[in-house]
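Contents: one structure, followed by commentary.
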Number of protein chains: 2
Amino acid sequence: MTEHDTPPTEISPTEQAGRFARAREKQSMAILEDYVEMIGDLIAMHGEARVADIAERMGVAHPTATKAVARLKREGLATSRPYRGVFLTDKGEALANWVRVRHRTVVDLLIAVGVPQETAEADAEGIEHHVSRRTLKAFEAYLTDK
Amino acid sequence: MTEHDTPPTEISPTEQAGRFARAREKQSMAILEDYVEMIGDLIAMHGEARVADIAERMGVAHPTATKAVARLKREGLATSRPYRGVFLTDKGEALANWVRVRHRTVVDLLIAVGVPQETAEADAEGIEHHVSRRTLKAFEAYLTDK
DNA sequence: TTCGTAATATAGCCAAGGCTTCATATTCTA
DNA sequence: TAGAATATGAAGCCTTGGCTATATTACGAA
């Protein structure tokens with residue numbers, strides 16, 4: 001390939017703008033997904049998801065977790081009563097499951113192409129949110145046929 | 001602390017919090033990287049990077065691009081003079097090059113594992129920012145040895 | 001049963017990154 | 001070279017997702 005003056009790939013400004021817009025959209029979903037997955041994990045592990053635990057594991061202060069839960073409720077992904085735990089709605093649970101599967105698949109694929117496990121786990125935390133269904137399908141096929 | 005059901009993966013709360021914190025940090029770099037890469041591309045293609053072009057290709061309104069450029073300047077990645085184009089500092093150029101290489105490697109790897117090109121290009125836009133140097137090395141090795 | 005502590009909620013602040021609207025500078029063309 | 005069109009900048013607003021500090025509630029021990 002040429003060094004510099006080559007436009008990386010000929011792509012129309014509009015199409016490129018669309019890609020960035022979609023990436024931004026996915027990013028706005030990312031935190032929701034992280035919290036939903038976390039809540040699901042905590043319920044699986046401890047039978048309940050307390051705000052304090054969520055905050056601790058997400059690495060944020062309690063009020064930040066409280067705010068996030070409020071947003072989850074607004075989006076119909078979770079429920080909670082003051083001073084009681086947080087629970088997932090059916091929709092939230094479905095999302096949590098999908099996210100969990102995707103996370104595992106991403107980690108497995110990274111490992112399959114030679115990424116050290118620790119690194120794979122860490123990078124997957126950010127990567128997963130940008131893996132489309134189509135890409136996930138390809139990952140699954142690759143892992144199967146490999 | 002009952003430990004019955006399957007905890008997705010045994011990981012200490014602290015370590016998990018660290019992962020999320022690092023993912024958040026990378027996210028805060030992502031937009032900077034996108035703009036720097038875009039500016040580099042525009043200069044390569046048109047000899048200059050105008051705010052209007054940056055905005056159009058990023059899919060945002062002009063003032064948003066202006067603000068982003070202001071942040072780039074604050075971070076020592078770019079320079080600009082009112083009503084003149086935007087330019088990259090050495091630091092900015094170095095970042096742009098690194099980002100461009102990483103982007104291409106991510107796209108190539110996705111394609112190599114069976115992701116359709118269009119999808120690969122689109123997903124890479126979000127994925128790339130979360131690919132660590134270590135993971136990138138693994139990608140390169142995989143693409144070479146394959 | 002009361003009370004101290006721990007958990008949770010509320011309020012208010014900040015920066016980032018979007019937006020629109022309006023003002024101003026530059027450039028192009030007639 | 002003047003005036004219109006275009007490009008840039010400035011101001012102000014919104015939401016998100018962080019934070020700290022301060023109230024309030026719940027709960028286990030004395």
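Computation of the quantities below employed the complete heavy-atom set of this structure, encompassing side-chain atoms and omitting hydrogens, waters and symmetry-equivalent molecules. Residue numbers begin at 1 in each chain, while the letters A, B, ... track the order of the sequences.
Remark: A:Arg50 is not in phosphate contact with C:dA7, judged by side-chain N or O atoms under 4.0 Å from OP1 or OP2. Under 4.0 angstrom from either OP1 or OP2 of C:dA16 there lies at least one side-chain N or O belonging to B:Arg74.
Here A:Asp41 does not pair with A:Arg57 in a salt bridge; the nearest charged N to carboxylate O distance is not below 4.0 Å. At a threshold of 4.0 Å, the pair B:Glu121-B:Arg104 does not count as salt-bridged, since none of the basic side-chain nitrogens sits closer than that to a carboxylate oxygen. Salt bridge A:Asp123/B:Lys26: present, at least one basic N to carboxylate O contact under 4.0 Å. A salt bridge is absent between B:Arg22 and B:Glu25: the closest approach of a Lys/Arg side-chain nitrogen to an acidic carboxylate oxygen does not fall below 4.0 angstrom. Look at B:Glu125 and A:Arg24 and you find no salt bridge, because none of the NZ, NE, NH1 or NH2 atoms lies under 4.0 Å from a carboxylate O. Between A:Lys91 and A:Glu93, none of the side-chain N atoms (NZ, or NE/NH1/NH2) sits under 4.0 Å from a carboxylate O, so this pair counts as no salt bridge.
If B:Ala61 and B:Glu75 are placed on DNA chain C by their nearest nucleotide, the residue sitting closer to the 5' end is B:Glu75.
Of the possible donor and acceptor atoms, none in the side chain of B:Thr135 sits under 3.5 Å from a partner among the backbone N and O of B:Val131.
A chain of hydrophobic side-chain contacts below 4.5 Å, direct or via other Ile, Leu, Val, Met, Phe, Trp or Tyr residues, connects B:Trp98 to B:Leu88.
For B:His130 and A:His130, the ring centers are positioned less than 6.0 Å apart.
Following rounding to the nearest Å, A:Met58 (CE) and D:dG17 (P) show an atom-to-atom distance of 10 Å. Distance B:His46 NE2 to D:dA7 P: 13 Å, rounded to the nearest Å.
For the segment residues 17-34 of chain A, residues with any heavy atom less than 4.0 angstrom from an atom of DNA chain D are, sorted by number, A:Ile31. For the segment residues 63-72 of chain B, the set of residues with a heavy atom within less than 4.0 Å of an atom of DNA chain D comprises B:Pro63, B:Thr66, in numerical order.
When the options B:Glu33, B:Met29, B:Met38 are evaluated for a side-chain contact (heavy atoms from CB on, under 4.5 Å) with B:Val99, the one that passes is B:Glu33.
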Contacts under 3.5 Å, N or O only, protein and nucleotides 24-29 of chain D:
| unit_1 | atom_1 | unit_2 | atom_2 | d |
| --- | --- | --- | --- | --- |
| D:dT24 | O2 | A:Tyr83 | OH | 3.0 |
| D:dT25 | O4' | A:Tyr83 | OH | 3.3 |

